[in-house]
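These numbers were taken from a predicted model, which means no experiment stands behind them. Just so we're on the same page: letters track the sequence lines, and every chain starts at 1. For the numbers below, each heavy atom of this structure counts, side chains included, while hydrogens, waters and symmetry mates do not.
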Amino acid sequence: MLQVQVIRQNREEVIRRLRVKNFKNLELVDEVLSLDEDRKRLTQQYDEGRATLNRLSDQISTLFKAGQKALGEEKKGETTTVKQTLGEVTEALQVAEARLQESLVLLPNLPHASVPPGNTPGDNELVRDSGTLPVISGTPLPHWEIARIYQLIDFDLGARITGSGFPVYRDQGARLQWALIRFFLEFNRSRGYMEYMPPLLVNPATAFGTGQLPDKESQMYFVEGDQFYLIPTAELPLTNIYRDANLKAEELPIRMTAYSPCFRREAGSYGKDVKGLNRLHQFEKVEIVQITHPDQSYEALEGMVRHVEELIGLLGLPYRILRLCGGDMSFASALTYDFEVWSVGQQKWLEVSSVSNFETFQSNRMKIRFRDTDSRPRLVHTLNGSSLALPRIVASLLELNQGPEGIRIPGPLQPFFGNDRISPVP
RNA sequence: GGAGAGAUGGCUGAGCGGUUUAAAGCGGCGGUCUUGAAAACCGUUGAGGCUAAUAACCUCCGGGGGUUCGAAUCCCUCUCUCUCCGCCA
């Protein structure tokens, strides 16, 4: 959520930036400013009414204590009109505040100055890649074939138990999941991230805090009876750990990591996009979150990009890093880097991580503040990234490392998997 | 699921219709003293709105609503915590 004060002071700049993000409803900016004027005007009227009423109450109190009952009763009469006006003003003020809020939450975050313009994935900017793409002798199989032959993942069984997009991992396939999860967590921990195991269902306030509500409501599974959302990412519970917090500057930065299953309805997806592990309704992911001083968030973002890059490098996967264009960025983000790994079996890039700086967009909603020396509390910056999402890593890994002797497991992962290869089923 | 008790400032905790503009203690910050520190003493110390303002005014005692001239205090409701019963990995 943008801060009204920022919009008021930088109206032109705000509109210019929203254009970069391909935001169409630009009239909303002036609407917000006008609604804020209403709010200020009504607030002033409300304050004056309250002040009058407070004075009268004091006078009545004094009169009754002095035993002047008749005069006291007379004063009471005077409050009637004040109260009536105050009641009307209060109602109007509440409406004005609600309207302002409703409009304000519809404005996406402003993109950072380095965000390239554009509207499609083709407009994303290549930051760097791992070099020449590997060539596999023979015809490399796609991961769903490998998963079938080695009996690692059963998509049909999952479809019968739940529905499409809910695969069942079996034996070496299941163990590979846990090996990757533990490997990712240990790597994150070694770089100062505190490990958490958070709730997988969250309430609306939490989903609002990180920006999924109201923007992404239809993408989340909802538990009707208890009004809970199944988390689409551990970002929600992790970042909300610090909701309403008043931090000290020396407590920053805060680094957190957690593994969680992620649940996404993915309404509107179809065709080869959802083949195999490419797009699932339930998948495993390890997330990293940082809460930083506003002056240090971009440094932190670059650090997170290097962190994820190193992790993918340890798995030996071909990758590239993209800076997302304005139109391809998420609602809440100010700057996002996407990581893609190469699928040699499908001959295409697969997104495995998205690393973003949200600046104060989330912290303004969650009221995460910190106090610098002798200043008033200020909003922190929040960042997060995948480190990493499993399915497409598994897809790339299986396809790249297939061979006659089985699937080779990258060295750094072997201690977690307990073997140097996935063996053929006897 | 049933019955009861509770939720107050960074923490502990008093207040249970009107000098509460929220006591007191702890913690934090500043000062006196000291070579320095500790102790002691003195002062200061929540958030938000409006604002040029660290001025005035207004709001906030878990959330929401109500009664009253006036609510932390009374009533309703929701959420959460604790105790007991039931159920249960």
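- With both pairing distances under 3.5 Å, B:A72 is matched to nothing as a Watson-Crick or G-U wobble pair.
- Listed nucleotides B:G18, B:C69, B:C50 differ in distance to A:Lys76; the shortest reach to its side chain belongs to B:C69.
- Closest to the A:Gln94 side chain, of the nucleotides B:G65, B:C58, B:G18, is B:G65.
- If you check B:U59, B:A47, B:G49 against the side chain of A:Asp47, the one that comes closest is B:G49.
- Pairing partner, B:C82: B:G4, with both Watson-Crick or wobble hydrogen-bond distances short of 3.5 Å.
- Judged by atom type and distance alone, A:Asp58 does not reach the base of B:G70 through any side-chain donor-acceptor pair under 3.5 Å.
- For the OP1/OP2 pair of B:G70 and a distance below 4.0 Å, the side-chain nitrogens and oxygens of A:Asn54 include no atom meeting the criterion.
- Residue A:Arg55 has no polar side-chain atom (N or O) positioned under 4.0 Å from OP1 or OP2 of B:C69.
- When the side-chain nitrogen and oxygen atoms of A:Arg50 are compared with OP1 and OP2 of B:U59, one or more of them lie within a distance under 4.0 Å.
- Between the CG atom in A:Leu322 and the CZ atom in A:Phe339 there is a gap of 9.5 Å [rounded to 0.5 Å].
- Nucleotide B:A55 has no partner under the Watson-Crick or G-U criteria, as no pair reaches both atom distances under 3.5 Å.
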Stepwise ring pair (Phe, Tyr, Trp, His ring centres under 6.0 Å) test for A:Phe187 and A:His307: CA-CA 9 Å; A:Phe187 182 77; A:His307 178 95; 4.7 Å; yes
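- Here A:Lys40 lies in heavy-atom contact (under 4.0 Å) with sugar-phosphate atoms only.
- Note that A:Arg378 lies outside the cation-pi zone of A:Phe370, set by a 6.0 Å cut-off to the ring centre and a 45° limit from the axis.
- Side-chain atoms of A:Tyr319 and A:Glu340 form no donor-acceptor pair, as typed in the model, at a separation below 3.5 Å.
- Remark: B:A22 base-pairs with no nucleotide; criterion is Watson-Crick or G-U wobble with both hydrogen-bond distances under 3.5 Å.
- Nucleic acid contact for A:Ile60: base, since at least one base atom lies under 4.0 Å from a heavy atom of the residue.
- For A:Lys83, taking side-chain heavy atoms from C-beta onward, the closest of the listed nucleotides B:G49, B:G48, B:G70 is B:G70.
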